[in-house]
Amino acid sequence: MKKLLFVGLIIALVVMMGLNCLAAKKETGVIVVGCDAAFPPFEYLDEETGELVGFDLDLMRAIGAELGMKVEIKNVSWDGIIPGLLSGNYNVIASGMTITEERKQVVNFSDPYILAGLTIVTRAGDESIKGPEDLAGKRVAVQINSTGDLTATELQQEKGIKIAEIKRFTHATDPFLELKNGAVEAVVMDLPVARAQMNTNPGIYKIVEEAFTTEEYGFALRKSDTELLAKINQALATLKANGTYDQIYQKYFGE
Ligand code: ARG
């Protein structure tokens, strides 16, 4: 009898361990993505479906499908997006994030997945701003801690362009409202995002010039997450080679 009980116990233990293993496997089968979904066309809320969509998110979902992993998207604040990654709230940032040397000290980036750059936006009809030097004496709005913020700050503090005031906002869409309302004269913003705002608000804004910086976006991961990083890079290469990347690109940037 005792022996039977013992064997029973062993069997139960083995089954439990197996189940545990399965559960752990399931867990690694999910990519939890953090994004600040107020950055169309890269990540935003589709008002009609209530779904989070955009170039980055479609691409991330395609990467997940390629890897046989589920993709779960969390909408978070841009300002805390790197701390949130580091504290484990998600394992990938897909949020139009520019690969910078400074950020590379803290996170790992995937291979670049798209090229962008900053531009200056004014109100339509304003002829007084033609380039970064003309921001002298003007009020400028940016998203806080974005490369737009960092670049405007650098123009002001290091390049000797006397920008009157830099107003920093939580959401990337806020600087445009500020400009529309006449509270600032210019916005420094990623060009594709500026274009999207122009299209949804016809006749209101003007893009001063094409991009005056060159930037590459990458997905950001914790430094320790090298295995997932390699998988994402591999999947990205596959999607670029098999036409899926182009399809997603056309969907958001095609004429
Ligand atoms: N590309 C800019 C940066 O890396 C702005 C990105 C903002 N992204 C967003 N989802 N709000 O700083």
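Counting starts at 1 for both ligands and their atoms, following the listed order.
In terms of the salt bridge (Lys or Arg N to Asp or Glu O under 4.0 Å) criterion, E47 has no residue partners (sequence neighbours excluded).
Remark: of the listed residues L59, I31, L229, L59 is the sole one forming a side chain to side chain contact (heavy atoms under 4.5 Å, CB included) with F219.
Not less than 6.0 angstrom separates the ring centroid of Y44 from the ring centroid of F39.
Protein residues having at least one heavy atom under 4.0 Å from any atom of ligand 1 are D36, F39, E43, W78, S95, G96, M97, T98, R103, Q143, S146, T147, D190, Y217, listed by chain and number.
For the pair D126 and K206, the salt-bridge criterion is not met [side-chain N within less than 4.0 Å of a carboxylate O].
Side-chain contact of Y217 with D56: a donor-acceptor pair under 3.5 Å is absent, judged by distance alone.
At a threshold of 4.5 Å between non-hydrogen side-chain atoms, the residues K223 and V107 do not count as touching.
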